[in-house]
Number of protein chains: 2
Amino acid sequence: MRKQNETTNRAEPEKRTSWFVEQCRVNGLKVTPQRVAIYEALVDTDEHPSAETLHRKIRKLYPRISLDTVNRTLLTLAEIGAAFVVEGSGDARRFDGRAGKHQHFKCVKCNRIVDFHHKVFDRIKVPADIRKRFRVLRKTVYLEGICDMCRKR
Amino acid sequence: MRKQNETTNRAEPEKRTSWFVEQCRVNGLKVTPQRVAIYEALVDTDEHPSAETLHRKIRKLYPRISLDTVNRTLLTLAEIGAAFVVEGSGDARRFDGRAGKHQHFKCVKCNRIVDFHHKVFDRIKVPADIRKRFRVLRKTVYLEGICDMCRKR
DNA sequence: CTTACTGCAAACCATTTGCACGATC
DNA sequence: GATCGTGCAAATGGTTTGCAGTAAG
C-alpha cells in the first residue's frame, strides 16, 4: 500500500520538476527557466552548495544567469519549502558559553534561539558507522519553527 | 556521591572563572582582563549573543575594549572549548534541496556537511511542552566533529 | 625580556537593495 | 498588458588582516 499525493514524493527526477512547478503555481510564483534550473541543480547534488557554487554550475547551461538571481531564488525556494538553509548566512555569528547539555530551538521569524532540556535527547546514541567514520565532538537536537512570541502576532 | 574533577563543572560563578583561567593556562593562552570579561559576559547570558551584542555589554565595564578583540577572543574561546558557535558565520549560506528525512554531520575542519540516515533519529519525539509553546517546523539531529578525510592528515 | 594580545584602520567577502529592462501569465 | 523576475551596479554589514604599541608570563 502506498500513500497517494504525498507532497514530498519527489524521488524520481521528472516528478521533482513537476512537483516544483506545482509549488510555484500554488504560491503564486512565476515559473521561469532560471528558477527551474536552480532548483534542478540544487536537488541534483548532496553537497549542500552555496549560492556561488550553484551559480558556477548553472552558468554552464545558462551563461547569462547572475549570482544575485541564484541568491534570491534560493531564498524564495526556502520560503516555499523547496529548499532549506543548512548552514551559514550573512548574519552575525552567535555564541553559547553554557556548558551543560541542552538543545536549541530557533525561531525562523525573529532568529531567537531558545535553550531547552530534554533528557531523552541527551541520551541519544550516535550510530556505530558514523562513530567509526568520523570523530564526533558535539551532538545536539536542533529544532526550527515559530516561537511563542512570534505566534501571538 | 559526586564526581570530582569534572571538567565541565562550572555551575557556580567563581568556579567558572577559575575553570576558565585554568583552561587558558593549559592551552598556553595569556589571561588578560579582556578575555576574562568576555568569557564572563558570555556565560552570564542565555541569549546566544553575537560579538557585537557582547561588545556593547562589556563596554560598560571596559570602555576601551574593541569589537575586534571580542570577535577574536570568542573564536579563541571556541577553539579551547570554552564557547560554541551556535549560529551564523561570515561564511556563505548553504542550501539543501533533498526532501527526505536525513541528518547532518558537519566537519569543523573542512566545513563539509555529510548527510546520514538513522531511523532512530527520524523517530525522536519533540517534548510536549515545546510543542505547546512553539510551532515546530523542522527537527534534526546535528553532529559536529572531524570527518574521515580530515582525520587522515 | 620575550611573546602574545589589543586596538585601530583598511581590506575582504557574501548578501542586500534600487532600478530599468525583459519575461511570464 | 500588468506584474513579477532578472541582471547589473552600488551599498551594506560582518569578519579578517596587518601593523604598531602594550601587557602578561
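Because the structure is a prediction, the values reported are computed rather than measured. Labels below follow one simple rule: chain letters A, B, ... track the order of the sequence lines, proteins then strands, and each chain is numbered from 1.
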5'-most by nearest nucleotide on DNA chain D - A:T69 or B:S50 = A:T69

Mapping B:L29 and B:D91 to their closest nucleotides on DNA chain D, which lands nearer the 5' end?
-> B:D91

Would the number of heavy atoms belonging to other residues, nucleotides or ligands and lying under 6.0 Å from CZ of B:R138 be above 12?
-> yes

Should the pair B:H102 and B:H117 be assigned to parallel (<30°), tilted (30 to 60°) or perpendicular (>60°) ring geometry?
-> tilted

Do A:R72 side-chain and D:dG7 base share a donor-acceptor contact under 3.5 Å?
-> yes

Would you say the side chain of A:D68 and the base of C:dA14 hold a donor-acceptor pair, judged only by whether the two atoms sit under 3.5 Å apart?
-> no

Counting only side-chain nitrogens and oxygens, does [X] get under 4.0 Å of the OP1 or OP2 atom of [N]?
X: B:R64; N: C:dC5; result: no
X: B:T32; N: C:dT6; result: yes
X: B:Q34; N: C:dG7; result: yes

Can you check whether B:H104 and A:H48 have ring centres sitting under 6.0 Å from each other?
-> yes

When the aromatic ring centroids of B:F20 and B:Y39 are compared, is their separation below 6.0 Å?
-> yes

When we call it a touch if two heavy atoms are under 4.0 Å apart, what does A:L74 touch: a base, just sugar-phosphate, or nothing?
-> nothing

